[in-house]
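Here the structure is laid out as structure tokens; the discussion comes afterwards.
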Amino acid sequence: MSEELFSQRTTTCGALTRADDGSRVVLNGWVHRNRNHGAVHFINLRDRYGITQVVVDDDASKDLEEIAASLRLEFCIAVTGTVRCRPDAMINSEMATGEIEVKAERIEILSSCPALPFQIDDGTKTKEDLRLKYRYLDLRSQGMQQRMKLRHDFILSIRNYLSARDFYEIETPTLIKSTPEGARDFLVPSRHYPGKFYALPQSPQLFKQILMVGGMDKYFQIARCYRDEDARGDRQLEFTQLDLEMSFVKRDDVLTLMEGLFVHVFKEVMDHDLPPTFRRLTYAEAMNTYGTDKPDLRYDLELEDVADLAARSTFSTFKEIVGNGGFIKAIRAPKSETVDFSRKYITSLEDAAKVYGAHGLAWMKVGEHNTLAGGVSKFFEGLEGEMIERMGASDGDMILMVAHADWKRCCASLSAVRSTLARDLGLIKKGFEFCWIIDFPLFEYNEEGGFWQAAHHMFSMPQQEFLDTLESDPGSVLGDLYDLVLNGYEVASGSIRIHDVELQKRIFRICNFDDETAEQRFGFLLNAFRYSPPPHGGIAPGIDRMVMIMAEETSIHEVIAFPKNTAAVSPMDDSPSEVDQKQLDELHLVIKYPEK
RNA sequence: GAGGGUGUAGCGAAGUUGGUUAUCGCGACGGCCUGUCACGCCGUAGAUCGCGGGUUCGAGUCCCGUCACUCUCGCCA
């Protein structure tokens with residue numbers, strides 16, 4: 001009965017060195033490779049820590065030889081043997097354990113496996129759905145193992161840093177009240193209360209503010225968040241945030257803390273030196289200079305306003321747009337050795353712009369001696385010098401322009417051209433370029449609904465100088481809001497919060513929530529705020545996105561152990577799935593299927 | 001909700017203006033091999049070309065529809 005189930009490892013597959021020469025060891029792991037040379041077998045045995053070469057020599061017993069010959073890829077085995085240094089000529093300098101090998105005396109097959117649905121090796125080009133269906137196999141790959149380690153190291157480093165700075169890690173509930181903000185909620189039906197639902201949190205926003213009212217002073221949480229929206233490469237239904245809130249702080253306290261955190265974490269986890277502070281851009285600067293509120297600063301390619309020049313040109317389309325208060329912006333495409341600015345290429349840039357609402361992309365080529373040619377250049381006769389100087393252009397460059405009545409679409413379209421150019425011309429430098437975007441507008445106008453809504457969320461503090469004009473001119477109000485941007489991705493978002501009941505109610509009213517509705521939805525927050533809330537603020541960096549960028553990946557799926565695909569399905573466990581009628585009955589639910 | 005891309009053996013791909021038996025690499029299976037490390041060599045099996053319909057003497061290839069995955073817009077405070 002007490003017979004040993006298996007020979008338990010005495011060390012791992014990444015640990016043995018010359019110093020272990022002659023020692024008797026047991027290794028547990030998976031068959032990574034099995035090279036059979038007739039009388040000699042080489043088995044690469046793999047575990048999380050590395051790969052060690054196991055040798056079955058020609059003097060092996062018949063039994064051992066037969067077991068070695070029967071091994072297939074990914075069999076889980078235990079090897080008992082003796083470490084020996086390899087002959088000089090056989091040393092593999094590519095392997096961490098390449099100086100030694102283990103001469104097997106006994107091999108136990110702990111478990112076998114059938115032919116694999118795909119090969120486990122790094123950088124696999126296997127379709128993602130298949131990888132997700134057999135995620136347990138995919139996770140064995142070196143890439144997934146490294147990324148899970150990176151994610152672990154990242155989170156551990158964050159925990160240690162914040163803990164050392166007096167933060168408490170506090171959990172908040174994941175079954176909460178549905179509150180009408182932002183994204184669609186995931187709902188959980190209540191068994192006890194027919195017709196009532198919990199919601200999964202889109203973020204712990206209200207709870208962390210209430211923790212501040214509760215005197216917790218500094219809080220953080222590695223928090224799972226849920227938003228029922230369509231997926232993308234950099235977002236899915238459930239994701240993980242470092243949620244963080246502090247009492248008695250102003251904006252710069254939060255920004256400084258985060259800079260210190262990321263400088264520390266990047267050094268500790270990746271041995272990468274970040275600058276001690278990050279560049280700050282106002283929302284208006286970011287939009288005007290880069291056309292987006294999440295600019296990728298790994299390359300330049302700044303946008304210029306050329307509305308005044310366009311107005312003086314003979315290009316009636318542009319003149320009309322300017323005359324109607326529209327916007328015209330331009331970008332310089334620098335001369336390239338690798339990319340020919342052909343009509344075909346310009347069309348591809350135009351297509352990129354049109355996705356964001358541009359009607360077209362006007363272009364001109366810069367020639368020698370302040371000349372412009374091609375495209376719309378004939379309309380800019382006499383303005384060549386000014387245009388070229390404005391754009392800082394020179395011979396061989398190209399000037400690309402977007403005109404649009406809507407400022408945001410004008411910016412976004414040209415931003416798409418900017419990022420396409422950077423990619424195609426190979427202008428993207430390696431590295432990590434952080435920047436802060438500050439001074440966001442607090443409200444934006446909902447065209448469909450005909451009312452103002454919070455651009456970020458309704459709990460952010462308006463900047464002081466706008467307190468008197470909140471109601472009269474919501475569109476001009478700037479908030480104490482900040483986003484952290486890394487390599488063109490929004491990786492954190494935060495604000496100084498409102499801690500005054502009356503001010504909070506004013507914001508609700510502007511956002512179309514009358515006092516009664518606000519009380520109904522957010523009464524618990526307003527109630528808490530009656531009891532001497534401290535001034536407070538916080539931020540929430542996205543863990544998945546951060547690790548994705550650190551791992552130089554473009555999909556957060558690569559840094560999540562069990563992600564869902566873009567159709568919101570998990571191919572491994574086949575969720576979502578139907579449930580029993582009994583379960584529905586208990587929850588008082590009747591399914592109404594959509595008509596086809 | 002909208003647009004683009006992809007779908008050929010277990011995996012990754014090729015497949016010409018529509019033309020005989022759909023090709024290659026990896027993997028699987030069998031055999032050989034004493035120093036490999038992506039071992040090598042020989043052989044074998046494995047494909048309703050996503051699915052349905054149409055055009056045609058003939059469709060992997062052309063057309064229509066549909067499904068799945070994927071990228072993007074919308075959406076995501």
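Order of the sequence lines sets the chain letters (A, B, ...), proteins ahead of strands, with each chain counted from 1.
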Would you measure the distance from the C1' atom in A68(B) across to the matching atom in G54(B) and give it in whole Å? 23 Å
I need the NZ-C1' distance between K127(A) and U8(B), as an integer number of Å. 10 Å
Using atom NZ of K408(A) as one end and atom C1' of C73(B) as the other, report the distance to the nearest whole Å. 16 Å
Establish whether the base of C37(B) is bridged to the side chain of N92(A) by a donor-acceptor pair shorter than 3.5 Å. yes
Expressed in whole Å, how much space separates the C1' atoms belonging to C49(B) and U6(B)? 14 Å
May I ask you to say whether E99(A) pairs ionically with R18(A), meaning some side-chain N is under 4.0 Å from a carboxylate O? yes
Candidates C37(B), C11(B), C69(B) - which lies nearest the side chain of T126(A): C11(B)
From the options G35(B), C75(B), C26(B), select the nucleotide whose nearest atom is closest to the side chain of E229(A). C75(B)
Nearest-Å distance once atom P is located in both A14(B) and G25(B): 15 Å
Does E101(A) get its side chain close enough to the base of G35(B), under 3.5 Å, for a donor-acceptor pair? yes
Looking at residues 30-52 of chain A, who's got a heavy atom less than 4.0 Å off RNA chain B? R33(A), R35(A), N36(A), H37(A), G38(A), A39(A), V40(A), F42(A), N44(A)
With rounding to the closest Å, how many angstrom separate the C1' atoms on G60(B) and A9(B)? 14 Å
Side-chain contact check for Y356(A): nearest option of C73(B), A28(B), G12(B) is C73(B)
note: Q236(A), atom CD; C71(B), atom C1'; distance rounded to Å ~ 16 Å
Hey, what's the ring geometry for F440(A) with Y283(A), parallel, tilted or perpendicular (30° and 60° as the breaks)? tilted
Between U55(B) and U61(B), how far apart are the P atoms? Round to whole Å, please. 15 Å
Between CG of D88(A) and P of G35(B) the distance, given in whole Å, is 18 Å
G74(B) base / R232(A) side chain donor-acceptor hit below 3.5 Å: yes
Should stems be defined as at least three consecutive Watson-Crick or G-U pairs with both distances under 3.5 angstrom, which of them involve RNA chain B? B:1-7 with B:67-73, B:10-13 with B:23-26, B:28-32 with B:40-44, B:50-54 with B:62-66
Spacing of the P atoms in G1(B) and C64(B) (rounded, Å): 22 Å
Tell me whether the side-chain N or O atoms of Q53(A) pair up with the base of U36(B) as donor and acceptor below 3.5 Å, since no angle test is needed here. yes
Per V355(A) side chain, nearest of listed nucleotides U36(B), C26(B), C73(B): C73(B)
Out of G1(B), U34(B), C76(B), which nucleotide sits closest to the side chain of D230(A)? G1(B)
Measuring only the C1' atom in each nucleotide, how far is C67(B) from G53(B)? A whole number of Å is fine. 14 Å
For the atom pair NZ (K177(A)) and CZ (F524(A)), what is the distance rounded to the nearest 0.5 Å? 7.0 Å
Nucleotide nearest M90(A) when distance is taken to its side chain, options C69(B), U36(B), A28(B): U36(B)
Does the pair Q202(A) and D185(A) meet the rule for a side-chain hydrogen bond (donor to acceptor under 3.5 Å, both in side chains), with working shown? CA-CA 7 Å; Q202(A) 295 180 27; D185(A) 273 333; 2.7 Å; yes
G40(B) versus G3(B) - spacing of their P atoms, nearest Å: 48 Å
Atom of M287(A), atom of C411(A) and distance for their closest heavy-atom approach: O-SG, 3.6 Å
For a quick check, tell me whether the side chain of R235(A) and the base of C75(B) share a donor-acceptor pair closer than 3.5 Å. yes
